[in-house]
Amino acid sequence: MRTTNYDLLIVGAGVSGLVTAKHALQAGLSVLIIEASSKVGGVWAFDPDKPGGVMYSTRINVSKYNYAFAGFPFPEEVSDFPDHREVLAYIEAYTIEYAINKHIVFNTEVTRLEQSNSGNWIVNGRSSPGNSEQCWTAHSVAIASGHHRTPLWPKVPGLENFKGRVLHSSQYKGNQYCFPVADKSALIIGFGNSGVDVACDIAAKAASVVISTRSGAWVLPNYIFGYPADLYAARVLKWLPWQWTSNAYEKAIIAATGNPVRWGLRPAHKALRSHPTVGGRLISLLQSKQIRIAGGVQRVTEYGVVFDDGSTYKADMLIFCTGYRIDFPFLSDKIRDVVFGATDNQVNLYMNMFSPQIGASLAFIGLVQPDTGGLLPVSEMQARWLVNLHQKRVKLPSSKVMQQRINKDMEYRRKRYVNSPRHTIQCNTIAYNDEVAAWIDSSALRYRSPKFLFRLIFGTGGVDQWTNHRTKDIDQRIQNVPVPAAMKGLGWFVLSAGLMITVTGLTLIVSFIV
Ligand SMILES: NC(=O)C1=CN([C@@H]2O[C@H](COP(=O)(O)OP(=O)(O)OC[C@H]3O[C@@H](n4cnc5c(N)ncnc54)[C@H](OP(=O)(O)O)[C@@H]3O)[C@@H](O)[C@H]2O)C=CC1
């Protein structure tokens with residue numbers, strides 16, 4: 001049975017879906033969110049009985065200044081890196097503040113999405129309990145169901161012979177869940193943020209923990225010289241060649257935690273060529289040898305593994321922390337064909353949002369992996385852009401221009417990052433948001449005062465910088481985002497050097513003329 005034809009139907013009530021709903025509702029659109037679970041929050045809604053989402057000990061690894069909804073800061077008493085309970089409470093408070101709940105249908109899984117000949121979208125869903133089929137139509141659809149749903153299981157020779165336990169990080173909810181880990185030996189395969197979090201969690205109880213990594217990692221501490229590490233990812237650094245920034249970043253890591261080779265980390269690439277692995281706790285566990293690092297797995301045996309260098313490890317459990325495959329199982333084949341690129345995790349979307357063949361009526365919100373800072377402010381700018389498109393204040397470029405841009409971005413990512421399925425949707429938060437902000441007349445760098453400009457160039461500026469209705473409150477929030485002392489020092493150095501060069505140049509010109 002088809003009911004209301006909504007202006008915008010949103011798939012998923014995680015942060016990306018909620019922020020999209022907030023902006024669409026404020027613009028007067030009729031909105032419906034369809035959510036598979038019984039709660040808002042997406043990956044932040046801890047559930048020990050369901051795969052996916054956070055585990056019991058998860059803390060966000062981006063500071064609360066760069067992972068928040070605009071105009072809605074985390075409470076003051078929350079630490080720089082909130083834990084998942086605090087993040088969920090914050091998301092729930094946002095949902096209440098903007099009365100989003102009444103626009104959500106919970107416990108309903110979207111099963112199919114297709115476009116009718118008229119251009120409207122037909123969305124089918126299945127509600128539980130009872131498995132009742134539902135169907136809605138909408139003028140446009142925003143897919144905000146996340147890209148960390150389908151585990152990526154690599155093929156490892158001999159895995160079928162292994163006698164111990166095998167699971168993916170999405171199934172690991174904490175050392176008190178799953179199965180007894182006390183006195184067992186665990187092999188963690190993969191050295192991204194899941195690998196680090198799982199290794200640190202399991203090391204509290206297990207007898208021995210080894211992380212297997214084929215390319216090592218530069219492990220970023222949560223704090224550098226007393227400030228959250230993400231606060232160093234300032235605008236000025238994106239204006240410099242990334243290799244220079246990477247060198248500085250590597251020096252900062254070495255100054256904060258020592259040479260990574262000492263702890264066995266053996267990074268195979270420059271730091272900024274891959275997604276940052278954050279792990280303050282990991283370094284101390286490596287120092288106390290509660291966790292060890294090994295190379296790639298050559299093959300699995302009945303009771304353990306053989307690494308690439310021929311050494312062996314006897315393991316009771318293998319935990320694959322090997323990331324996710326981008327997948328939206330409800331897309332019809334026709335849409336799937338235009339959305340996904342030729343290789344694994346490649347998406348053929350303009351600004352990771354729109355298909356040139358489909359246009360503005362189907363948007364992907366949050367289909368981005370920010371290389372610095374958090375996803376939330378990117379999703380929020382995408383939501384605002386989408387609403388502006390709805391209101392016909394802006395329009396998308398032609399499909400030819402969109403495709404050219406997609407190709408250019410793909411080429412850039414291939415060169416800039418390690419060319420792997422892990423980096424196909426990587427983007428720089430500030431650069432991305434600055435670009436979208438310029439289109440919707442919300443630029444962060446509109447001049448207010450030299451002090452402000454300094455803050456936005458040598459600091460990250462936080463999530464409120466792109467808000468277009470400037471109020472004292474918003475300006476205060478931007479000023480509350482700390483600028484690390486080292487970045488202030490860099491700022492003063494650049495300004496003094498600039499001043500000296502200008503004065504010297506002018507003096508030379510004047511003396512030449514005179
Ligand atoms: N606390 C937090 O805020 C957390 C955030 N996250 C975020 O969630 C996202 C997903 O993270 P994560 O689950 O760690 O996934 P990632 O994709 O970031 O990392 C996957 C890891 O698995 C390795 N890997 C992939 N394929 C293979 C293979 N075939 N053989 C061996 N190793 C392989 C990769 O190595 P290689 O580099 O060699 O390809 C990499 O080390 C990220 O954005 C992350 O930042 C995750 C956990 C906690």
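Atoms within a ligand are numbered from 1 in the order they appear, just like the ligands themselves. Source: prediction; values computed, not measured.
- Under the 6.0 Å cut-off for aromatic ring centres, Tyr98 and Tyr94 qualify, their centroids lying closer than that.
- Note on ligand 1: Phe320 sits outside its first shell, no heavy atom being nearer than 4.0 Å.
- The single protein non-hydrogen atom nearest to atom 41 (O) of ligand 1 is Phe191 N, 2.8 Å, given as residue, atom name and distance.
- A donor-acceptor pair shorter than 3.5 Å can be found between the side chains of Asp80 and Tyr223.
- Nearest non-hydrogen protein atom to atom 44 (C) of ligand 1 is Asn193 ND2, 3.5 Å.
- In terms of protein heavy-atom proximity, atom 1 (N) of ligand 1 is closest to Arg59 O, 2.8 Å.
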Item to check | salt bridge (charged side-chain N to carboxylate O under 4.0 Å, His left out) evaluation trace for Lys408 with Glu411 | outcome: CA-CA 5 Å; Lys408 196 171 144 217; Glu411 191 53 28; over 6 Å; no
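- Across His168, His84, Arg214, His148, heavy-atom proximity to atom 10 (C) of ligand 1 is greatest for His148.
- Considering each of Ser215, Ser57, Ser194, the one bringing a non-hydrogen atom nearest atom 38 (O) of ligand 1 is Ser215.
- Residues His168 and Phe320 keep their aromatic ring centres 6.0 Å or farther apart.
- Between Trp242 and Tyr249, the distance from one ring center to the other does not fall under 6.0 angstrom.
- Side-chain contact, Gln243 with Ser246: no donor N or O sits under 3.5 Å from an acceptor N or O.
- Residue contacts with ligand 1 include Ile60, since one of its heavy atoms falls under 4.0 Å from the ligand.
- Geometric assessment of Arg214 against the ring of Phe307 yields a negative cation-pi assignment under the 6.0 Å and 45° thresholds.
- Counting only heavy atoms of the protein, atom 16 (P) of ligand 1 lies nearest to Arg422 NE, 3.4 Å.
- At a 4.0 Å heavy-atom cut-off, ligand 1 touches Asp197 through the side chain alone.
- Atoms of ligand 1 found under 4.0 Å from any heavy atom of Gly190, numbered from 1 in the order shown, are 21 (C), 22 (O), 23 (C), 41 (O).
- Atoms OH and NE2, from Tyr417 and His269 in turn, are 14.0 Å apart once rounded to the nearest 0.5 Å.
- Comparing Pro370, Cys321, Ser170, Pro151 against atom 20 (C) of ligand 1, the shortest heavy-atom distance belongs to Cys321.
- Of the candidates Asn345, Thr322, Asp83, it is Thr322 that places a heavy atom closest to atom 22 (O) of ligand 1.
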